[in-house]
Amino acid sequence: MPELPEVESVARSLRRRVLGLRIAEVEAFPPKGKPVRRRLTGWGGGREARSAAAVPLSALAGKTIDKVGRRGKNLILECGGLALLFHLKMTGRFLWSRPGEPRGRHVHLVLRFRNPERELHFEDVRKFGLVRCRPLDGLAACPELRSLGPEPLDVSADVFFLRLKARRGRVKSVLLDQSFLAGVGNIYADEALFAAGIHPLAPAASLSRPRADRLWAAVRDVLSRAIRAGGSSIRDYRDADGELGSFQDEHRVYGREGEPCPNCGGPIRRAVIGGRSGHFCPRCQKR
DNA sequence: AGTTCCCTGAGG
DNA sequence: CCTCAGGGAACT
């Protein structure tokens, strides 16, 4: 569930910890029981993601972390000429630890620092997460990033409208498609559609310019407010400092099936849309 | 464009 | 026990 606001919050908390630190040692414990074409370049992703351009994780030793960034839901540590990419998927998490402290059961990567004597652990209970090292040069064209759409907080209303018009399918599914916009997931798609008064099953291409504008603004508003709140901590999301987000308190439809719509008081409905649960108010959200 | 699968802990 | 959660790849 880490979506754009959660990954952004992780990036910010991580930045305060590791920016400028030199990686002394790298220890990888790739998840077992996976297709065992495991090289030391990372894991996760499709078959094409294991391309020749991947770099061994051990190459990170001795490098200094000079940027902590985000692209969509991907977290990117830039180290010298290398980029260490993470996708947290459902349960990826970072822990700031000390050498000698017992390592958690689901820790798959450890970056060890000497000054200060600390460790960054990446853990992932469900093993869906992705870790990969790439050359920094040409990073935007790497398999993990190249098909991502624009950042929702950067895209203009004009471009948003044009891209929406070019899509077939339901607006909810289009919002979830990372090649349309990078970083929107289930929670924020539902919240943005509610805020814009648009039914999740409305065909994307059918939206008028004014309604598309409202959706564009709602996506920006929901995402930026969620970032300010440190993300949504339903279940177990925490940032790299272990801090919880608070945006779950501002959810108006997500996870509120049967509760009264904050707008009209009618019950919030839940329906499976594109294999994911969608939450909406059938009265306030028009097709 | 919709469905299945991956994976595991939490909750019924 | 069983079911559910869900991002995204790989199916159909």
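These figures come from a predicted structure and were not determined experimentally. Protein chains get the first letters and strands the later ones, always in sequence-line order, with residue 1 at the start of each.
- Between A/H106 and B/dG9 there is a side-chain N or O to OP1 or OP2 distance below 4.0 Å.
- Clustering ILVMFWY residues whenever any of their side-chain heavy atoms sit less than 4.5 angstrom apart, transitively, puts A/L164 in the very cluster that holds A/L153.
- A/E144 places its CD atom 14 Å from the C1' atom of C/dG7, with the value rounded to the nearest Å.
- Under a cutoff of 6.0 Å and an axis angle of 45°, A/R256 and A/F194 do not form a cation-pi pair.
- Listed nucleotides C/dA5, B/dT8, C/dG7 differ in distance to A/V125; the shortest reach to its side chain belongs to B/dT8.
- A/H199 is linked by a ring-ring contact (aromatic ring centres under 6.0 Å, His included) to A/F280, counting only residues two or more places apart in sequence or in another chain.
- Between A/Q178 atom CD and C/dG8 atom P there is a gap of 4 Å when expressed in whole angstrom units.
- For the pair A/G169 and A/R276, both in contact range of DNA chain B, the more 5′-proximal nearest nucleotide belongs to A/G169.
- When heavy atoms are screened at a 4.0 angstrom cut-off, A/T91 is found touching no nucleic acid atom at all.
- In this structure, the CD1 atom of A/I187 is 11 Å from the C1' atom of C/dA5, given to the nearest Å.
- A distance-only check finds no donor-acceptor pair linking the side chain of A/E123 to the backbone of A/H106 [under 3.5 Å].
- Between A/L176 atom CG and C/dG8 atom P the separation is 9 Å, expressed in whole Å.
- Atom CG of A/D124 and atom P of B/dG9 are 12 Å apart (whole Å).
- Note: CD (A/E257) to C1' (C/dA5) measures 14 Å, nearest angstrom.
- Between A/R146 atom CZ and C/dA9 atom C1' there is a gap of 14 Å when expressed in whole angstrom units.
- Here B/dG2 presents its P atom at 9 Å from CG of A/L201, a figure rounded to the nearest Å.
- With hydrogens and angles left out, the side chain of A/R170 and the base of B/dG2 share no donor-acceptor pair within 3.5 Å.
- Side-chain atoms of A/Y237 come within 3.5 Å of backbone N or O of A/E6 as a donor-acceptor pair.
- Residue A/H87 places no side-chain N or O under 4.0 Å from the OP1 or OP2 atom of C/dG7.
- The shortest distance between the side-chain N/O atoms of A/K73 and the OP1/OP2 oxygens of C/dG8 is below 4.0 Å.
- Listed pair A/R105 / B/dG9 meets the phosphate criterion, a side-chain N or O lying under 4.0 Å from OP1 or OP2.
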